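Worth knowing before you read on, the calculation uses all heavy atoms, side chains too, and leaves out hydrogens, waters and symmetry mates. Predicted, not measured: the structure shown is a model, and the values here were computed from it.
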Amino acid sequence: MTETSMTVRLLEADPDVGRFLTDQDRLGARQLRVSAVDVKKGPFEATPLLREQAAFGALMLEGMIMHRLHIGDQVTVRLLGPGDFVFVSGVPRSMLLGESTCSATGPARMAILGNEVLAAVRRWPPLAAGIYVRVGEQTERLAAQLAISQLPRVDQRILSLLWLLAESWGHVGPAGTALPVSLTHETLGALIGARRPTVTLALGDLSERGAIVRQNRGWLLLEPPPGIGKATAGVIDAPTLQPLESPVWWGGTGERRPALAREDLLRTLDVLRHEHLRARERVRAQLDAARATRERCLAVRQRISAHRVTKPPPSSGSVRNGRSG
């Protein structure tokens with residue numbers, strides 16, 4: 001799956017990592033070299049690879065990693081490309097995730113961040129700040145993808161997502177902004193939270209109005225993303241984290257008070273029992289009212305049917321007389 005191919009200069013691979021270095025420190029930090037690992041196309045697990053390399057993370061140099069997250073029957077995708085970081089997973093996966101898998105969409109190359117980087121950070125601490133900020137920018141892109149998936153129209157989501165990816169991996173040219181990322185309709189749907197048929201229709205609308213052009217190696221973006229320069233409306237109330245309160249039968253000193261606990265529990269059960277009885281009586285009264293209404297409706301329908309049967313049909317003579325008159 002992987003093989004070590006060469007070494008690279010970290011600051012040449014990603015100059016932004018050294019953004020906080022002084023000019024003098026940057027001259028020395030430029031000599032920092034790290035191993036580069038080639039990843040073949042197919043399933044990919046970062047943590048075993050990084051542990052094998054005695055590394056805490058890696059920097060994507062070439063290629064792209066697709067991370068699939070399954071929650072129920074819904075599949076969500078995030079993309080990691082050149083300039084993104086991959087780290088050893090040390091936190092248990094959320095129980096909400098049914099499955100979490102990664103795969104390289106093609107041949108990829110990663111710079112290994114191990115002891116050499118830790119030693120360099122000890123010598124030039126601003127390197128750690130540079131890595132931290134780069135990871136923060138990566139997280140901001142993921143947050144933007146989450147916001148895009150909540151746009152009301154699928155064509156807005158697609159156009160916004162393509163521009164979001166273009167901010168990281170696009171190139172501005174005379175004809176427009178080129179995004180050299182090949183995405184299937186199914187992958188686009190997983191990125192924005194939409195079904196593939198809906199994505200196909202939305203892509204057709206975007207192409208017809210000249211917003212995007214499908215190219216052999218990706219997309220050409222011609223129309224700006226929606227909402228540029230517009231102020232957002234509406235106010236969202238800020239949530240507050242409420243402090244945890246100890247139950248009334250808890251002593252508050254780390255020990256239970258059995259007598260008080262039993263009395264409080266019995267009172268609580270008594271209140272709940274009375275509330276249950278009252279709720280049952282209300283439901284029973286509503287059922288009786290509904291049954292009476294249903295019986296009245298049935299009686300009315302029977303009277304209408306009986307009236308239709310007993311009403312004599314008009315005689316032919318009266319019809320002729322009516323016409324002659």
Side-chain angles (χ1 to χ4, degrees), residues 39-44 46 60 62-86 94 96-108 137-173 175-228 230 232:
V39 179
K40 297 180 181 179
K41 179 180 180 180
F44 168 76
M60 294 288 299
E62 300 175 9
M64 186 162 285
I65 300 294
M66 183 166 61
H67 184 196
R68 295 182 180 89
L69 300 170
H70 299 251
I71 299 181
D73 60 351
Q74 183 66 37
V75 180
T76 301
V77 168
R78 69 166 178 154
L79 299 177
L80 301 174
D84 286 337
F85 287 85
V86 181
S94 172
L96 299 176
L97 298 178
E99 187 178 4
S100 177
T101 59
C102 290
S103 61
T105 60
E137 295 169 350
Q138 181 176 331
T139 304
E140 286 289 334
R141 189 178 75 236
L142 185 60
Q145 179 182 338
L146 173 63
I148 287 172
S149 66
Q150 300 183 55
L151 290 174
R153 288 171 25 198
V154 175
D155 61 328
Q156 293 176 333
R157 299 183 207 172
I158 294 175
L159 188 58
S160 298
L161 176 75
L162 294 179
W163 276 105
L164 178 66
L165 300 180
E167 289 180 351
S168 298
W169 306 305
H171 307 283
V172 179
T177 299
L179 176 61
V181 178
S182 179
L183 298 169
T184 65
H185 295 190
E186 184 177 6
T187 302
L188 271 173
L191 284 165
I192 62 174
R195 301 295 182 183
R196 185 187 59 79
T198 309
V199 171
T200 301
L201 293 175
L203 284 173
D205 295 338
L206 289 171
S207 299
E208 288 180 3
R209 75 176 192 231
I212 60 175
V213 175
R214 182 69 180 266
Q215 296 181 322
N216 293 333
R217 298 185 57 189
W219 307 84
L220 182 64
L221 310 181
L222 303 175
E223 181 181 305
I228 292 296
K230 295 182 180 179
T232 57

If you count every heavy atom of other residues, nucleotides or ligands that lies below 6.0 Å from Q74 atom CD, does the total exceed 12? yes
Tell me whether the count of non-hydrogen atoms from other residues, nucleotides or ligands lying under 6.0 Å of CZ in R195 goes above 12. no
For residues M64 and G81, report the shortest heavy-atom separation together with the two atoms involved. CE-CA, 4.3 Å
Does a side-chain heavy-atom distance below 4.5 Å link S168 with R141? yes
Say you draw a straight line from SG of C102 to CG of L69; how long is it, rounded to the nearest 0.5 Å? 8.0 Å
Using modelled atom types and a 3.5 Å cut-off, is there a donor and acceptor pairing between side-chain atoms of S160 and backbone atoms of Q156? yes
Between F85 and M60, is any pair of side-chain heavy atoms under 4.5 Å apart? no
Residue from L164, V77, L162, V199 passing side-chain contact (heavy atoms from CB on, under 4.5 Å) with L191: V77
Quick one: do the H70 and S100 side chains pair a donor with an acceptor below 3.5 Å? no
When rounded to the nearest 0.5 Å, the distance separating CH2 of W219 from CG of L206 is 9.0 Å
Test side chain to side chain contact (heavy atoms under 4.5 Å, CB included) on I212 and L220; report intermediate values, then the result. CA-CA 6 Å; I212 60 175; L220 182 64; over 6 Å; no
Under 3.5 Å side-chain donor-acceptor pair for R196 and H185: no
I'd like to know whether L203 forms a side chain to side chain contact (heavy atoms under 4.5 Å, CB included) with L188, so could you lay out the CA-CA distance, the side-chain angles of the two residues, the decisive distance to 0.1 Å, and finally the verdict. CA-CA 10 Å; L203 284 173; L188 271 173; 3.9 Å; yes
Nearest 0.5 Å, please: how far is CE in M66 from CZ in R78? 13.0 Å
Could you walk me through whether V213 and S207 satisfy the side chain to side chain contact (heavy atoms under 4.5 Å, CB included) test, starting with their C-alpha distance in whole Å, then the side-chain angles of each, then the deciding distance to 0.1 Å, before giving a yes or no? CA-CA 6 Å; V213 175; S207 299; over 6 Å; no
Residues, nucleotides or ligands: over 12 heavy atoms within 6.0 Å of E137 CD: yes
Distance check, rounded to the nearest 0.5 Å: T76 atom OG1 versus I192 atom CD1? 11.5 Å
Could you please spell out the steps behind the side chain to side chain contact (heavy atoms under 4.5 Å, CB included) verdict for F44 and I65? CA-CA 8 Å; F44 168 76; I65 300 294; 3.9 Å; yes
Once you round to the nearest 0.5 Å, how far does CZ of R157 lie from CG of L161? 11.0 Å
Distance (rounded to the nearest 0.5 Å) between H67 NE2 and D84 CG: 13.0 Å
Run E223 and R209 through salt bridge (Lys or Arg N to Asp or Glu O under 4.0 Å) and show every step you take. CA-CA 9 Å; E223 181 181 305; R209 75 176 192 231; 3.0 Å; yes
